[in-house]
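For the single chain, residues carry numbers from 1 onward in sequence order. Read the numbers this way: they start at 1 and go in the same order the structure lists the ligands and their atoms. Computed over heavy atoms, backbone and side chain alike; hydrogens, waters and symmetry mates excluded.
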Amino acid sequence: MAETTTPILHGYRYSVYAWIARLVLREKGVAHGWREIDPFVPDVPDQYRALHPFGRVPVLVHGDFVLYETVAIARYVDEAFAGPALQPLGARARARMQQIVSVADSYAYRPLIRQVFAHGVFRPRLGRLGDVAEVGAGLDAAATVLDALDRLVAVPDHPEWTPTLADLHLAPMLGYFTALAEGRAMLARLPRLSDWFAAVAARAAYRETEPGLP
Ligand SMILES: N[C@@H](CCC(=O)N[C@@H](CS)C(=O)NCC(=O)O)C(=O)O
């Protein structure tokens, strides 16, 4: 069975998608190795491009099985290994989970991460110039995304609550977005989304995989 081989995650320490993959592995209780690769350098090594033709992170290598795209990695980890189930049963609950993941990738990633976090937090912390116009545009676009998510997320309502792949996909994006004060203020205006985020962010898996800031 595939479970006997230790999977290796290739990722960049500060990548939000690598964080999602690490969070899923941690919630599932899957021990794994780590190979650091910076996908933002101009020349991503050919060796890495052989694993990921688009030169992004993360990639999961499990024996002879090579898998890129975080949504596929997360689902594989949940289905190929023992541990708590991270996908709900039932057509509607699964569809909602998939919908939130898709909203996160399609509508949240660019404004929350590439615009607000990258230009408002990450670049300045590296001593590089962030573009305030990008931050402003990201905050504008984030309003619609956060409103939609406020209506979609399931707020934990009992002590045995366990997260789904939707929670684990979305929380790191909110984590980075709220590294900026304006992001925190926007989230604070939405009580459901705030309660949901507080519950996921309080989990040991989230805290232990949190990359921190440069
Ligand atoms: N659809 C990909 C997206 C991965 C992605 O965009 N990763 C970012 C880091 S968070 C990356 O590698 N960026 C490098 C680049 O844009 O050149 C997935 O779900 O894994």
>> What I want to check is whether the side chains of Arg114 and Tyr109 have a donor and an acceptor closer together than 3.5 Å.
In response: yes
Show me the short polar-atom pairs for ligand 1: any N or O of it lying under 3.5 Å from a protein N or O, with distances only.
from: ligand 1; atom 1: 1 (N); to: Glu69; atom 2: OE1; distance (Å): 2.7
from: ligand 1; atom 1: 1 (N); to: Glu69; atom 2: OE2; distance (Å): 3.3
from: ligand 1; atom 1: 6 (O); to: Arg56; atom 2: NH1; distance (Å): 2.8
from: ligand 1; atom 1: 7 (N); to: Val57; atom 2: O; distance (Å): 3.0
from: ligand 1; atom 1: 12 (O); to: Val57; atom 2: N; distance (Å): 3.0
from: ligand 1; atom 1: 16 (O); to: Arg114; atom 2: NH1; distance (Å): 3.3
from: ligand 1; atom 1: 16 (O); to: Arg114; atom 2: NH2; distance (Å): 3.3
from: ligand 1; atom 1: 19 (O); to: Thr70; atom 2: N; distance (Å): 3.2
from: ligand 1; atom 1: 19 (O); to: Thr70; atom 2: OG1; distance (Å): 3.3
from: ligand 1; atom 1: 20 (O); to: Thr70; atom 2: N; distance (Å): 3.0
from: ligand 1; atom 1: 20 (O); to: Thr70; atom 2: OG1; distance (Å): 2.7

> Are any side-chain N or O atoms of Asp195 and backbone N or O atoms of Val155, one a donor and one an acceptor, separated by less than 3.5 Å?
Replying inline: no
> Can you get from Tyr12 to Val44 by hopping between Ile, Leu, Val, Met, Phe, Trp and Tyr side chains that sit under 4.5 Å apart?
Replying inline: yes
>> In terms of relative ring orientation, are Tyr17 and His169 parallel, tilted or perpendicular, with 30° and 60° separating the classes?
In response: perpendicular
> Just by distance, do the side chain of His119 and the backbone of Asp131 share a donor-acceptor pair under 3.5 Å?
Replying inline: yes
> Distance only, no hydrogens: is a donor on one side chain within 3.5 Å (strictly under) of an acceptor on the other, for His62 and Tyr76?
Replying inline: yes
